[in-house]
Amino acid sequence: MVHWIGTSWKMNGTQDFGENYAKKLREAKVGQVEGIQPFIIPPFTLTTTVAKALGRFSGVALGVQNAHWEDSGAWTGEISMLQAKDAGAQVVELGHSERREYFGETDETVNLKVKAALRNNLRPLVCFGEPLEVFEAGESIPFITAQVDAALDGVEDTSSILLAYEPIWAIGEKGREPNPEDLETAFAELSARYADRVEGILYGGSVNHDNNQWLLRIPGIDGLFIGRSAWTPEGYLENIRLAKEVIG
Ligand code: PGA
């Protein structure tokens, strides 16, 4: 079984940064580590730069952080799945909580985008997660499974889809690191419901070099989706090295 371990740079990085990061990954041959499928998701403006710097046979999957459900048209400020694919992407991240909170992403638009991604031969990486008050009320499971069910609704073949459970309370500078107990029940449930239907179920939210290994030992966690601790090539490569020790 392959473990997907990757990062989104969110709204960080200019051309030199993207080129240098990709070059370091290529030199480290990170795409040849057995048992790990690395992926990186730069901002749109760096897609072609990173694709070129990685080269065709890097083994690193390249993604974009969002794309529209229509292939073309009057949608100012958007890019389509077709354009993302054309720029070199293989993966499209969908439904991140920052997009849901600040840019009006809903379960319905995520579902439309999952279908558009598959139509364009892009692999959807569907993010979902509950806010703190839902977690504290002990209602995480119905909340997150409803999000996943909505994202997959009407999709016949879900086998290429990646799911990423990213509790909102654990994400970013304001987030708090999870404990194993916070995640074990959720991943048991997610795994029972979806593991045999999708490519993998990842965890994201304050992943760092200290928690990377115990996270990967939680049953049901198939990979990691990393923010801050992979925003330098060295930080990302250290995450891969630590993961490899666990995966063997
Ligand atoms: P973080 O971001 O690792 O910086 O908390 C995670 C994410 O938003 O996917």
Side-chain angles (χ1 to χ4, degrees), residues 3-13 17 21 25 36-44 46 50 60-67 89 91-105 110 113-114 123-132 134-135 140 143-144 147-148 151 161-180 182-183 186-187 190 198-216 218 220-243 246:
H3 292 72
W4 287 75
I5 300 195
T7 178
S8 160
W9 301 348
K10 305 195 181 185
M11 198 176 70
N12 295 296
F17 171 83
Y21 193 116
L25 262 50
I36 293 181
Q37 174 57 64
F39 66 96
I40 53 173
I41 310 190
F44 292 132
L46 301 185
V50 170
V60 178
L62 180 60
V64 292
Q65 297 173 19
N66 176 42
V91 175
V92 58
E93 178 183 354
L94 298 173
H96 190 280
S97 63
E98 288 152 14
R99 295 220 53 88
R100 293 181 194 253
E101 184 175 352
Y102 304 119
F103 302 101
E105 192 80 275
V110 170
K113 291 174 179 188
V114 167
R123 184 188 296 281
L125 166 56
V126 177
C127 304
F128 57 96
E130 80 285 18
L132 183 63
V134 172
F135 175 70
S140 303
F143 189 96
I144 61 178
Q147 283 184 318
V148 178
I161 295 175
L162 290 166
L163 299 176
Y165 174 37
E166 303 210 316
I168 299 172
W169 47 266
I171 292 178
E173 271 162 27
K174 291 189 209 120
R176 76 149 171 87
E177 271 190 56
N179 305 310
D182 295 331
L183 303 179
F187 271 94
L190 291 169
V198 298
E199 164 73 14
I201 309 176
L202 283 53
Y203 169 77
S206 291
V207 175
N208 59 42
H209 299 152
D210 295 325
N211 60 27
N212 170 310
Q213 295 196 325
W214 67 251
L215 281 165
L216 284 169
I218 291 185
I221 296 190
D222 302 326
L224 300 173
F225 191 20
I226 311 164
R228 289 158 295 157
S229 85
W231 282 353
T232 62
E234 294 76 19
Y236 179 60
L237 291 169
E238 179 63 5
N239 271 296
I240 297 283
R241 189 189 70 75
L242 289 163
V246 176

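As the structure is a prediction and not an experimental result, all values here were calculated from the model. Values reported hereafter were calculated over all heavy atoms of this structure, with side chains retained and with hydrogens, waters and symmetry mates removed. Counting convention: from 1, in listed order, for ligands and their atoms alike.
- Between Glu93 and Arg99, none of the side-chain N atoms (NZ, or NE/NH1/NH2) sits under 4.0 Å from a carboxylate O, so this pair counts as no salt bridge.
- Every atom of ligand 1 with a heavy atom of Ile171 under 4.0 Å away is listed here by number and element: 5 (O), 8 (O).
- Annotation: atom 4 (O) of ligand 1 to nearest protein heavy atom, Arg228 NE, 2.6 Å.
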Is there a ring pair (Phe, Tyr, Trp, His ring centres under 6.0 Å) between Tyr165 and Phe128 once you walk through the steps?
-> CA-CA 5 Å; Tyr165 174 37; Phe128 57 96; 5.7 Å; yes
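- Ligand 1 lies within reach of Ser206, whose nearest heavy atom is under 4.0 Å from it.
- Taking any N or O of Glu98, backbone or side chain, none lies under 3.5 Å from an N or O belonging to ligand 1.
- Looking from atom 9 (O) of ligand 1 to the surrounding protein, the closest heavy atom is Glu166 OE2, 2.8 Å.
- Using a 4.0 Å cutoff on heavy atoms, His96 counts as a contact of ligand 1.
- Not a single donor-acceptor pair under 3.5 Å links the side chain of Arg100 to the backbone N or O of Glu105.
- The backbone N or O of Asn239 lies less than 3.5 Å from a partner atom in the side chain of Asn212, making a donor-acceptor pair.
- Between Gly172 and ligand 1, at least one pair of N/O atoms sits closer than 3.5 Å.
- When only non-hydrogen protein atoms are considered, atom 3 (O) of ligand 1 lies nearest to Gly227 N, 2.9 Å.
- Side-chain contact between Ile40 and Trp9: present, with at least one pair of heavy atoms (C-beta onward) separated by less than 4.5 Å.
- Using modelled atom types and a 3.5 Å distance limit, the side chains of His96 and Gln65 yield no donor-acceptor pair.
- Results of the ring-ring contact (aromatic ring centres under 6.0 Å, His included) test with Phe225 over Trp4, Tyr203, Phe39 single out Phe39 as the only residue that passes.
- Residue-ligand proximity, Lys10 to ligand 1, at heavy-atom distances under 4.0 Å covers atoms 2 (O), 7 (C), 8 (O).
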